[in-house]
Amino acid sequence: MESNELNKDPFEGTNVNADNTSAEKPAANEADDYSALDREALIGLLKQLLKEKPVGDIKEQVDNIRKVFDKASEEIEDKARKVFVESGEPIELFVHQPDELQKQFSALLFEYRSKRDNERQSQEQIKEKNLVAKYEVIEGIKDLLNRQESLNDTFQEFRDLQQKWRDIGPVPQSKLHDLWETFHLHVENFYNYIKINNELRDLDLKKNYELKIELCEKAEALMLEPSPVKAFKSLQNLHDQWREVGPVPRDKKEELWDRFKAVTAKINQRQQEHFESLKNQLRKNLEAKTELCEKAESLLEKELTSPKEWEEKSKQLIDLQQIWKTIGFAPKKENNLVYERFRKACDTFFNNKRDFFKSYKEDQQNNLQLKTELCIQAEAMKDSQDWKKATDEYIRIQKKWKEIGPVPRKQSDVVWKRFREACDYFFNRKKDFFSNIDEAQDNNLKLKEAIIAELSAFELKDDSEQCFEALQEFQRRWSDIGFVPIKEKDRVNQEFRNLINQKFDHLNLNEVDKNLQKFRNKLENWKTNDQFNEKIGQERNKIIIKLKQLENDIILWENNIGFFAKSKNSDALVRDFQHKIESGKRNIRLLNKKLDLIDEML
């Protein structure tokens with residue numbers, strides 16, 4: 001057997017333990033079905049696993065137990081939420097508190113994670129010890145070169161050191177390459193040193209060749225493994241076994257290694273593509289979750305002022321939460337950050353919603369009080385005969401009703417029915433009244449035309465006072481008659497006004513009384529106009545302005561009299577100012593009487 005077979009490391013230039021091992025691992029397949037167990041049984045099973053098995057061997061079982069337990073807890077929470085809503089409470093006020101079983105389960109998960117972390121630390125310490133032990137084996141091989149005993153004994157001791165090497169566990173990944181380089185160097189030195197006979201070496205090389213052929217076949221079979229991760233992990237074990245197998249015949253060495261290296265490259269490539277795909281998916285998941293965060297945060301920007309708006313936005317946020325559940329993990333560094341961002345937006349939204357509805361209930365009570373007051377006003381006017389004024393008032397309070405926000409749901413229909421009944425009662429009365437209005441207006445037209453005919457035939461007598469009273473009686477009777485058809489209104493009003501003014505002009509009355517009577521007639525004529533209040537208000541403002549102007553003028557004239565009284569030859573001026581003052585005072589009295597007439601009309 002030629003010692004040159006061991007001069008080269010068959011893994012030189014190839015790193016089968018690539019950085020792929022640091023990539024995130026996919027979730028384990030669910031090998032066990034715990035769906036038939038209740039939560040107490042799941043807790044008992046988890047306790048038993050933690051007590052009886054190493055934490056490194058129960059990861060898949062713990063994950064499966066946790067999924068079933070979380071699903072059962074969510075079902076309990078959903079039932080509690082449903083009962084809460086059916087009791088009449090708003091869903092946004094529902095807060096679910098973990099029950100005792102959830103607290104126990106969380107404590108067990110914390111215990112599992114703590115043990116798992118401790119085990120990892122312990123494994124790293126063991127790997128360091130294994131590294132020291134393997135270097136001790138290498139030192140033992142080095143020491144064999146200086147032995148003086150028989151080759152058989154030396155070779156057996158070498159085999160014992162090889163077995164000891166195999167029995168030692170894993171070492172830190174970062175030290176693995178240098179360790180194997182050193183090990184193979186001294187193994188080759190040993191083979192060169194002892195120069196074992198060719199027959200024994202050929203037998204050993206043949207055996208090693210057969211073992212490595214078997215390893216190649218196992219590696220090639222891994223190409224059919226559906227999971228790239230499992231295939232890669234299995235390949236690592238095959239590489240470890242390959243290292244343990246000694247050299248092969250020189251003419252088969254390159255061919256055999258090329259075969260094993262080729263399948264290694266394919267599996268590594270498949271593994272790399274898998275994790276690249278996984279990384280791409282993680283990045284896409286991060287982008288999708290970031291977009292959900294932005295949408296959730298955008299719901300916080302608009303000020304919501306009604307329950308309807310809150311419910312619409314709540315539905316949108318719940319839809320976002322459902323979408324979130326369908327998206328896988330983001331990259332490890334960003335996963336917790338993006339989750340906290342989304343959680344913060346959701347918590348802020350629902351806290352704001354809770355505060356709104358708390359204030360909203362107080363506002364509803366205030367609104368109920370305001371609407372009750374409007375009901376009282378509507379009920380107080382429902383028998384009114386002043387159709388125009390009452391109608392305007394009803395329209396006003398109906399508009400005000402719309403401006404008031406909602407009331408508590410239990411009182412909403414009651415207070416609305418009360419308000420609606422009062423309004424309907426009035427407007428039904430008004431409808432009944434005006435359904436016969438045409439006939440009534442025709443009758444009123446006949447009555448007013450009769451008064452016009454009677455007034456036209458009325459002859460003035462010498463007794464001015466008696467005639468004055470008779471003319472006032474004509475005015476009273478005219479005012480007592482209701483509306484006439486609108487197309488005849490201006491005509492009959494103008495005829496009556498011209499006729500009554502003509503009669504008053506022929507009476508032996510002073511100008512003030514005549515002026516007042518004409519003013520009264522004008523006001524009476526306005527009463528039949530839809531814009532009566534507006535016109536009479538404008539007239540009142542004009543009179544008040546004239547009164548103030550006259551009062552200011554009289555003060556100025558009186559001051560002027562005082563000034564000119566001290567001057568000679570100013571009698572004519574003083575008399576002129578005195579005349580203006582007297583005339584102004586008469587006009588003031590007339591204007592005040594007109595104001596009295598206006599106040600009577602209002």
Side-chain angles (χ1 to χ4, degrees), residues 377 380-381 384-400 430 441 444 448 451-452 455 468-484 486 488-505 507 509-559 577 579-602:
Q377 295 180 36
M381 297 188 298
S384 174
Q385 297 288 341
D386 191 343
W387 306 112
K388 180 66 170 65
K389 183 177 180 181
T391 299
D392 291 343
E393 185 63 16
Y394 270 107
I395 292 173
R396 185 188 69 81
I397 64 175
Q398 285 176 338
K399 182 179 179 182
K400 188 173 181 181
K430 180 181 177 182
Q441 287 183 348
N444 292 339
K448 287 195 172 185
I451 290 178
I452 291 174
L455 179 60
F468 181 77
E469 291 177 357
L471 292 176
Q472 284 185 322
E473 179 62 19
F474 276 112
Q475 288 179 319
R476 183 191 63 75
R477 289 166 56 196
W478 181 273
S479 297
D480 290 342
I481 299 173
F483 292 99
V484 299
I486 192 167
E488 301 291 344
K489 182 183 72 171
D490 292 338
R491 178 184 65 80
V492 295
N493 285 340
Q494 191 62 41
E495 286 185 19
F496 178 77
R497 184 177 178 184
N498 292 338
L499 192 57
I500 196 76
N501 286 339
Q502 182 181 356
K503 298 292 184 180
F504 276 117
D505 286 341
L507 285 179
L509 298 175
N510 58 49
E511 290 300 320
V512 173
D513 290 337
K514 289 181 180 180
N515 197 321
L516 284 175
Q517 284 304 320
K518 290 181 179 181
F519 186 71
R520 181 189 296 274
N521 291 338
K522 182 170 72 171
L523 296 181
E524 291 290 347
N525 190 42
W526 284 353
K527 286 181 67 175
T528 61
N529 193 295
D530 292 337
Q531 298 178 335
F532 170 71
N533 289 332
E534 181 181 352
K535 286 189 173 184
I536 201 170
Q538 293 175 351
E539 186 69 22
R540 194 176 193 282
N541 291 335
K542 291 179 181 179
I543 292 174
I544 291 173
I545 292 172
K546 288 181 180 180
L547 278 172
K548 291 182 178 179
Q549 183 62 47
L550 283 173
E551 290 172 352
N552 292 332
D553 289 343
I554 289 173
I555 293 172
L556 178 62
W557 294 334
E558 289 176 342
N559 290 335
F577 282 124
H579 177 72
K580 289 182 178 180
I581 290 172
E582 291 299 327
S583 178
K585 289 180 178 181
R586 285 195 301 273
N587 287 334
I588 287 176
R589 288 192 293 271
L590 176 61
L591 292 174
N592 282 324
K593 289 181 179 181
K594 287 185 177 182
L595 285 178
D596 292 339
L597 287 176
I598 290 175
D599 293 338
E600 290 176 7
M601 295 287 185
L602 293 175

Measure the spacing between CD of E488 and CG of N493 and express it to the nearest 0.5 Å. 11.0 Å
Ion pair D392/R396, N-O distance below 4.0 Å: no
Side-chain (N444) to main-chain (V484) donor-acceptor, under 3.5 angstrom: no
Which residues satisfy the salt bridge (Lys or Arg N to Asp or Glu O under 4.0 Å) test with E495, sequence neighbours excluded? R491
Interatomic distance, R497 atom CZ to D490 atom CG [nearest 0.5 angstrom]: 11.5 Å
Taking C-beta and beyond as the side chain, do D386 and M381 meet within less than 4.5 Å on heavy atoms? no
Rounded to the nearest 0.5 Å, how far apart are CD1 of I588 and NZ of K548? 13.0 Å
Give a yes-or-no answer on whether the side chains of Q494 and N498 include a donor-acceptor pair shorter than 3.5 Å. yes
Smallest separation among heavy atoms of L591 and I543, with atom names: O-CG2, 3.7 Å
What are the two closest heavy atoms between W478 and I452, and how far apart are they? CZ3-CG1, 3.8 Å
Taking atom NZ of K430 as the centre, report whether more than 12 heavy atoms of other residues, nucleotides or ligands fall under 6.0 Å from it. yes
As an exercise, state the distance from CD1 of I554 to CG of N587, rounded to the nearest 0.5 Å. 8.5 Å
The reported gap from CG in L547 to CD in Q549 (rounded to nearest 0.5 angstrom) is 11.0 Å
Reported CG-to-CD1 distance for the pair L550 and I581, which is rounded to 0.5 angstrom: 12.0 Å
